[in-house]
J.: 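My questions all concern the structure below.
Values below: all heavy atoms of this structure, side chains included; hydrogens, waters and symmetry mates excluded.
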Amino acid sequence: MAGPTVSAGSASRGDYDTLIDVDAEGVDLGETDLEFHDFHTGDNVQGKIPAGGQNRLYEPPLSLENDPNRPLSIWTVHFYAQFFNVETSDVLQRCIYALYPRVSFVDTVGDNPDLYGPFWIASTVILVLFFSSTLAGAIASHVAGIRYEYNFGILSAAAALMYGYTFVVPILLWGVLKWYRSEHARLLECVTLYGYANTVWVPVALVSISPIEIFNFPTISNIVRWASAAVGFAISTTFLVRNLYPVLNSTEAKTSRILLIGVVLAHMALAFVVKLVFFAYSIDDNSN
C-alpha cells in the first residue's frame, strides 16, 4: 500500500510537480520551499484575547495612581488632585469641629489636610457676606425712608478679604515658621486650619442681618452685630490657637509668644473688618 505523498512545487526548478513516496527509505527530498506554520493557540500568541480580558490594542503606561512612589509634577492634575481627596461628609465634620473646637483638629485631620474645604468655605462666606450686607443695608434704608443703592463693590471687597485671609495669611505664617526653623510647620495644614476657621463667619453674617431694626431699634440691632462678631472672633480664635500652639511652641519661647500675639491680632482685625465694612448701618445716615 502506497504511503502518503507530498506535492512540492518550486518556480526556480521549472514548471513541474514531483510525487514522492515519503514511506520509501533513502529518499532525499532535497531543498524545497515548504513552510510549516504553527497554529498553536498558546498564551503567547499575538492577537489572543485573554480569558476574562479585553483585546486591548494599546496598553497604557503605568499611571501615577498605580505608582505611588513616583514623584508628582506640579504641572500635572494629579499633583493638585491629592489636595481635594476628601468626601463631603469629611468636610461637614471638619466644619462642625471648627464651630465647636473641643478636640484637636490636627489630630482629626491626620495625614489628609485638604484645600477643598477652605476654598468652598471662603467662597460661601463671600456670598453670604454680600447677601447679608445687602439685605441689612436695604432694611436700614427702608426704616430711614431713603432709597437703597446696591453696592457690588462689597462683593469684590468680600472676595479680596476672605481669599486673602484664607490663603495669604497662612502662607506668610508658614514662611515665618520656616524662617525660625520650626520642624512642625506644614503649609497645607496651615491653610486648612485658616480655611475651616472661617466657617464661623457664615452664621455671624446671617445673624448680623438683624431684623430687629425693622421695629426701629437701631441701637439694639448694632449691639447684636457687635456681639455676633465678638462671638465669631472668640470661637475662631480658640480654634486657631488650640491647633497652632504646638507648632508655634516649636520655636523659641520669645518667638512663639510674638507669633501667637500676631495670630490673635490678625484675626481680631478680620473680625473688625467684617463688622465695620459689611454691617455698619444706622437708621439716620446709613453708616456708623
Side-chain angles (χ1 to χ4, degrees), residues 83 86 90-126 128-129 158 160-180 182-205 207 226-275 277-278:
F83 304 137
V86 288
D90 297 329
V91 175
L92 292 177
Q93 185 181 41
R94 294 176 183 186
C95 289
I96 294 174
Y97 286 151
L99 293 174
Y100 301 96
R102 298 181 179 179
V103 297
S104 175
F105 184 81
V106 175
D107 293 339
T108 302
V109 172
D111 296 330
N112 190 30
D114 68 284
L115 294 179
Y116 181 88
F119 173 77
W120 285 111
I121 290 171
S123 301
T124 302
V125 173
I126 291 169
V128 172
L129 281 176
L161 176 66
M162 297 313 303
Y163 284 139
Y165 189 79
T166 300
F167 297 104
V168 176
V169 172
I171 291 175
L172 293 177
L173 177 61
W174 172 79
V176 173
L177 288 171
K178 282 298 184 181
W179 175 265
Y180 287 103
S182 174
E183 298 178 355
H184 303 287
R186 294 179 175 84
L187 177 59
L188 189 57
E189 287 185 358
C190 290
V191 176
T192 301
L193 283 174
Y194 272 85
Y196 282 96
N198 291 329
T199 305
V200 72
W201 300 116
V202 174
V204 167
V207 172
W226 277 110
S228 62
V231 172
F233 164 75
I235 293 175
S236 52
T237 301
T238 301
F239 172 77
L240 284 176
V241 172
R242 180 187 182 95
N243 293 280
L244 283 176
Y245 182 76
V247 180
L248 301 178
N249 200 36
S250 62
T251 61
E252 296 180 357
K254 182 179 180 180
T255 302
S256 65
R257 286 194 296 268
I258 294 175
L259 291 177
L260 183 61
I261 294 174
V263 169
V264 174
L265 291 179
H267 209 62
M268 183 181 295
L270 175 67
F272 273 102
V273 171
V274 169
K275 168 60 181 70
V277 173
F278 301 101

J.: With a 4.5 Å limit on heavy-atom distance, are the side chains of Phe233 and Val204 in contact?
T.: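 A side-chain contact under 4.5 Å is absent here.
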J.: So how far is it from Lys178 NZ to Glu183 CD, rounded to the nearest 0.5 Å?
T.: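 The distance works out to 8.5 Å.
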J.: Check whether Ser256 reaches the backbone of Glu252 with its side chain - one donor and one acceptor, N or O, closer than 3.5 Å.
T.: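 Side chain of Ser256 to backbone of Glu252, a donor-acceptor pair under 3.5 Å: yes, one is there.
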J.: Heavy atoms, side chains only, cut-off 4.5 Å: are Leu115 and Leu188 in contact?
T.: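 Sidechains of Leu188 and Leu115: in contact.
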J.: Pro101 and side chain to side chain contact (heavy atoms under 4.5 Å, CB included): which partner among Leu240, Thr237, Asn243, Thr238?
T.: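 Result for side chain to side chain contact (heavy atoms under 4.5 Å, CB included) with Pro101: Thr238.
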J.: Please tell me if the side chains of Trp120 and Val91 come closer than 4.5 Å, counting only heavy atoms from C-beta onward.
T.: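 No; the side chains remain at least 4.5 Å from each other.
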J.: Answer yes or no: is there a side-chain heavy-atom contact under 4.5 Å between Pro246 and His184?
T.: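 Pro246 vs His184: side chains apart.
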J.: Between Thr192 and Pro118, what is the shortest heavy-atom contact and its length?
T.: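 Looking at all heavy atoms of both residues, the closest pair is CA-CG, 3.9 Å.
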J.: What is the ring orientation for Phe239 with Phe105, classed by angle as parallel under 30°, tilted 30 to 60°, or perpendicular over 60°?
T.: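 It falls in the perpendicular class, over 60°.
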J.: Is it the case that atom CZ in Phe167 sees more than 12 heavy atoms from other parts of the structure closer than 6.0 Å?
T.: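 Yes - once you tally the heavy atoms of other residues, nucleotides and ligands closer than 6.0 Å, there are more than 12.
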J.: How about Pro170 and Leu193: do any of their side-chain heavy atoms sit closer than 4.5 Å?
T.: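 Not touching, per the 4.5 Å side-chain cut-off.
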J.: Hey, are the side chains of Val274 and Leu161 touching, using non-hydrogen atoms and a 4.5 Å cut-off?
T.: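 They are in side-chain contact.
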J.: Could you check whether the rings of Trp226 and Phe272 sit parallel, tilted or perpendicular, using 30° and 60° as the cut-offs?
T.: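 The rings of Trp226 and Phe272 stand perpendicular, inter-plane angle above 60°.
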J.: Show the nearest heavy-atom pair for residues Gly195 and Ile121, with the distance to one decimal.
T.: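 Result for this residue pair: O-CG2, 3.5 Å.
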J.: I need the Leu177 CG to Leu248 CG distance, nearest 0.5 Å.
T.: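 Separation between the atoms: 6.0 Å.
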J.: For residues Asn198 and Leu270, determine if any side-chain heavy atom of one lies less than 4.5 Å from a side-chain heavy atom of the other.
T.: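 Asn198 vs Leu270: side chains touch.
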J.: Rounded at 0.5 Å granularity, tell me how far CD in Glu189 sits from CG in Asn112.
T.: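 So the CD of Glu189 and the CG of Asn112 are separated by 11.0 Å.
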J.: Got a sec, which pairs hit salt bridge (Lys or Arg N to Asp or Glu O under 4.0 Å) with one end in residues 93-102, sequence neighbours left out?
T.: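 Salt bridge (Lys or Arg N to Asp or Glu O under 4.0 Å) check on residues 93-102 returns Arg94-Asp114.
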J.: May I ask you to test the Trp201-Leu129 pair for a side-chain heavy-atom distance under 4.5 Å?
T.: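 A side-chain contact is absent here, since even the closest heavy-atom pair is not under 4.5 Å.
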J.: Indicate the atoms forming the closest heavy-atom contact of Gly232 with Ser236, along with that distance.
T.: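 Heavy-atom minimum between the residues: O-OG, 2.7 Å.
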J.: Hey, is OH on Tyr116 packed in by over 12 heavy atoms from elsewhere, all under 6.0 Å?
T.: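 It does not: Tyr116 OH has 12 such atoms or fewer within range.
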J.: In Å, rounded to the nearest 0.5 Å, how long is the span from OH of Tyr97 to OG1 of Thr108?
T.: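 Those atoms lie 5.0 Å apart.
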J.: Could you pull out the closest heavy-atom pair between Lys275 and Ala229, with the gap in Å?
T.: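 Closest pair (atom of Lys275, atom of Ala229, distance): CB-CB, 4.3 Å.
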J.: What is the distance from atom CG of Leu244 to atom CG of Asn249, rounded to the nearest 0.5 Å?
T.: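 Between Leu244 CG and Asn249 CG, I get 12.0 Å after rounding to 0.5 Å.
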J.: If you take all heavy atoms of Ser123 and Tyr163, which pair is closest and at what distance?
T.: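 Closest pair (atom of Ser123, atom of Tyr163, distance): OG-OH, 2.7 Å.
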